[in-house]
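A short worksheet on the structure shown next.
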Amino acid sequence: MKILKDYSIKIIVNTSSQSVFNALNEGMNSWWGEISNANFNQDGQFTITFENGYWWTFKIIEYSPNSELIWKCIDGEPEFNKEWIGHVLHWKIFEQDTKTIIDFQQIGLTPKLECYDICSSTWNMFLTEKLRENLNQQKEPS
C-alpha cells in the first residue's frame with residue numbers, strides 16, 4: 001500500500017523570521033492574493049481572493065509570532081476548491097545562520113485529489129518565486 005504524502009516544501013530566504021511572519025500575514029497582498037475580512041491573531045480569520053475570482057477563507061488555529069502559523073480552510077469557492085475545505089496549512093519559520101527557513105505543509109493536499117497537480121505547481125510558483133522574491137527585496141523591519 002502506497003502512503004500518500006501531503007504537499008510540503010521548504011524554502012530558504014535572505015531575511016529575518018520577523019519579515020517572513022509579516023509576509024504571511026498583512027503582507028500576503030504583495031505575493032499571494034487580495035486579503036479581506038482579516039483578523040490576524042489566534043482564532044482570527046481571513047479571506048484571500050485571486051484575480052480569477054476564486055477565494056478561500058481560513059481560520060487561524062496557531063499564531064506564534066515569527067515562528068509558526070496554522071490555518072484551517074473553512075470555506076471557499078465551491079466551483080473550484082471545495083476539496084480544500086478542512087485542509088490545514090502549516091507554516092514553520094526558523095532562522096539558521098543569516099537566513100530564514102520556511103517549512104510549509106498543506107495537510108490534506110495529496111496526489112489522490114483531483115486538484116493536486118495544479119495546486120502543487122501553483123504553490124511551488126507562489127512560494128519559490130513570488131514569496132521568495134518579495135522577501136528578498138524587502139528591507140528589514142526596524
| Name of the residue among L113, T110, I107, N124 meeting side-chain contact (heavy atoms from CB on, under 4.5 Å) with Y7 | N124

| task | Begin from the C-alpha positions of E95 and S17 and carry the test side chain to side chain donor-acceptor pair (under 3.5 Å) through to its verdict. | result | CA-CA 6 Å; E95 292 184 6; S17 58; 3.0 Å; yes

| query | In terms of the angle between their ring planes, are F46 and W71 parallel, tilted or perpendicular, with boundaries placed at 30° and 60°? | reply | perpendicular

| query | Going by heavy atoms in the side chains, are V13 and S19 under 4.5 Å from each other? | reply | no

| Check: I93 and T100 side chains under 4.5 Å, non-hydrogen atoms | yes

| message | Please identify which of these residues, E62, E68, K72, meets the side-chain hydrogen bond (donor to acceptor under 3.5 Å, both in side chains) condition with H90. | response | E68

| field | Test side chain to side chain donor-acceptor pair (under 3.5 Å) applied to T122 - qualifying residues, sequence neighbours left out | value | none

| task | Give, for atom OG of S36 and atom CG of N29, the distance between the pair rounded to the nearest 0.5 Å. | result | 9.0 Å

| Listed by chain and number, what are the side chain to side chain donor-acceptor pair (under 3.5 Å) partners of K92, not counting sequence neighbours? | none

| Considering only heavy atoms from C-beta outward, does the side chain of I60 approach that of D43 to under 4.5 Å? | no

| query | Given side chains that start at C-beta, do those of L24 and F104 come closer than 4.5 Å, heavy atoms only? | reply | no

| task | Could I get the full list of side chain to side chain donor-acceptor pair (under 3.5 Å) partners for W123, not counting sequence neighbours? | result | Q106

| request: Show the numbers, then the answer: is there a side chain to side chain contact (heavy atoms under 4.5 Å, CB included) between F50 and W56? | output: CA-CA 9 Å; F50 299 94; W56 288 278; 2.8 Å; yes

| query | Should we count CD1 of I61 as having more than 12 external heavy atoms under 6.0 Å? | reply | yes

| query | Do T128 and I9 have side chains that get closer than 4.5 Å, going by heavy atoms? | reply | yes

| query | How about E114: does its CD atom have over 12 heavy atoms from other parts shown lying under 6.0 Å from it? | reply | no

